[in-house]
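This report concerns only the one structure given below.
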Amino acid sequence: MSRQFSGSEPLVGEIVGLRTFRVDETGLLLPLFNDKAWYDGPNRASCAPPVGRDRAPHPVVAADCECGFYAYGTSQAAARNRQSRHIQAIVSSWGRVVAGTQGLRAEYARIDALWLSDAVPKWVRARVAMKYPSAQIYRDRAAMLAEHPLSELACYAPPAPRVVGRVAVVAVAVAVLALGLLPWSWIDGPVKLAWIGALGWLGLAMLTLAVLPHATGRAASIGLLLFAAAWLVAPAFGLLGWLLRAPVLRAVVVAGGGYLLTLRPGYFPVVPIPRERAFCGVRP
């Protein structure tokens with residue numbers, strides 16, 4: 001388990017952190033990776049997905065689980081998330097709190113203040129303000145941080161530069177792309193060793209994700225790796241290999257087009273209302 005949000009001894013008292021959210025059509029604030037909305041006032045975390053046969057019941061938060069409400073410890077750590085360009089929230093956390101190098105996880109959390117960028121439409125801003133009357137809404141992020149200083153914990157560390165990791169990911173992606181375009185007759189000698197190595201790396205990455213049931217974005221990551229593996233083995237099937245390449249090319253076009261849309265001036269993503277809340281409208 002990553003030490004970014006776990007690693008130190010549990011803490012006592014309220015700890016102030018920083019986080020970001022998505023926003024749905026009703027103005028509710030949603031975490032980045034699930035649709036369980038935060039509500040005005042205190043929120044209590046539960047362990048999800050439900051406890052299975054491979055995990056005994058445990059308090060929230062647990063050192064060997066990823067449950068709990070997350071918050072960054074510094075503005076620099078929060079800035080690494082693209083959504084934080086639009087929304088940042090000051091949250092107070094208490095109960096069982098475990099901190100790591102970049103932030104903390106907590107049993108209880110409360111939204112104290114919200115900064116919404118100028119890209120957030122007025123109607124969204126109004127609905128957020130109605131849903132969270134206890135939170136002070138800011139137009140100036142610096143003013144919010146000045147009036148609600150973050151807790152400084154000894155375990156926090158400056159975010160490590162991601163240049164090396166990004167270069168490695170780009171290098172692997174370029175290698176897979178190039179190897180998947182070569183005629184099969186060219187895949188021999190050193191090139192074949194590189195092909196086998198790339199295919200083995202993809203298989204190892206998928207196996208690692210498969211044995212980490214609580215890994216964030218596990219299904220999407222495995223799907224992406226399967227696409228890459230299909231692209232890589234396509235040369236072995238000659239012209240029929242384009243049947244394997246087609247879904248990959250389509251996914252690239254769709255993802256690329258979606259990303260370009262997010263670069264429009266004033267763009268702000270609004271999440272559709274989750275189906276279960278659209279019909280019942282009941283607070284969980």
Side-chain angles (χ1 to χ4, degrees), residues 4-6 8-51 57-63 65-75 77-78 81 83-84 87-100 102-116 120 124-138 141 144-153 155-156 214 216 271 273-274 276-277 280-284:
Q4 292 184 345
F5 295 90
S6 181
S8 71
E9 293 297 322
L11 305 173
V12 178
E14 288 197 3
I15 310 296
V16 179
L18 186 67
R19 63 164 293 139
T20 187
F21 290 98
R22 297 175 299 144
V23 184
D24 77 4
E25 296 166 326
T26 70
L28 282 175
L29 300 178
L30 309 175
L32 300 182
F33 302 109
N34 65 62
D35 291 329
K36 295 185 176 181
W38 284 46
Y39 293 92
D40 191 50
N43 293 263
R44 183 177 184 180
S46 59
C47 186
V51 174
H58 59 271
V60 179
V61 296
C65 187
E66 297 182 358
C67 54
F69 293 119
Y70 284 65
Y72 292 105
T74 64
S75 298
N81 190 296
Q83 185 68 10
S84 67
I87 297 177
Q88 290 188 10
I90 298 292
V91 297
S92 290
S93 306
W94 68 95
R96 291 180 59 87
V97 180
V98 176
Q102 300 300 309
L104 55 87
R105 295 183 291 120
E107 180 182 7
Y108 294 94
R110 179 186 65 246
I111 300 173
D112 293 334
L114 283 164
W115 166 76
L116 305 175
V120 179
V124 174
R125 186 184 301 274
R127 292 184 182 183
V128 170
M130 290 180 62
K131 291 290 186 181
Y132 302 90
S134 299
Q136 188 172 355
I137 309 295
Y138 287 82
R141 177 171 45 186
M144 180 186 73
L145 292 171
E147 295 181 20
H148 299 270
L150 305 179
S151 299
E152 297 182 5
L153 302 181
C155 59
Y156 291 159
H214 296 282
T216 302
V271 181
I273 303 173
E276 60 272 15
R277 284 199 288 110
C280 66
V282 178
R283 171 175 174 165

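In this structure, Met144 CE and Gln88 CD are separated by 5.5 Å, a value rounded to the nearest 0.5 Å. Taking CD1 of Ile15 as the start and CG of Leu150 as the end, the distance is 11.5 Å to the nearest 0.5 Å. Distance check, rounded to the nearest 0.5 Å: CD of Gln102 to OG1 of Thr74 gives 6.0 Å.
Of all heavy-atom pairs between Phe21 and Ala89, the closest is CE1-CB, 3.6 Å. Ser46 approaches Cys67 most closely through the heavy-atom pair O-CB, 4.3 Å. Closest approach of Leu18 and Val91 over heavy atoms only: N-CG2, 4.5 Å.
Residues forming a side-chain hydrogen bond (donor to acceptor under 3.5 Å, both in side chains) with Gln83 (at least two apart in sequence, or on another chain): none. Evaluation of the ring-ring contact (aromatic ring centres under 6.0 Å, His included) rule for Tyr132 yields no partner, not counting sequence neighbours. For Glu147, the side-chain hydrogen bond (donor to acceptor under 3.5 Å, both in side chains) partners are Tyr138, not counting sequence neighbours. In this view, Arg44 and Glu107 satisfy the salt bridge (Lys or Arg N to Asp or Glu O under 4.0 Å) rule, not counting sequence neighbours. Take Ala45 and apply the side-chain contact (heavy atoms from CB on, under 4.5 Å) test, not counting sequence neighbours, and it matches Val60, Phe69. In this structure, the side-chain hydrogen bond (donor to acceptor under 3.5 Å, both in side chains) partners of Arg22, at least two apart in sequence or on a different chain, are Asp35. With sequence neighbours excluded, the residues forming a side-chain contact (heavy atoms from CB on, under 4.5 Å) with Pro31 are Arg19, Asn34, Trp38, listed by chain and number. For the side-chain hydrogen bond (donor to acceptor under 3.5 Å, both in side chains) test, residues two or more places apart in sequence or in another chain that qualify with Ser134 are Asp40.
Put simply, the side chain of Ser84 never gets that close to the backbone of Thr20: no donor and acceptor are under 3.5 Å apart. Side chain of Arg96 to backbone of Val61: a donor-acceptor contact under 3.5 angstrom is found.
Contact of the Leu28 side chain with the Tyr39 side chain is registered, since non-hydrogen atoms from C-beta on lie closer than 4.5 Å.
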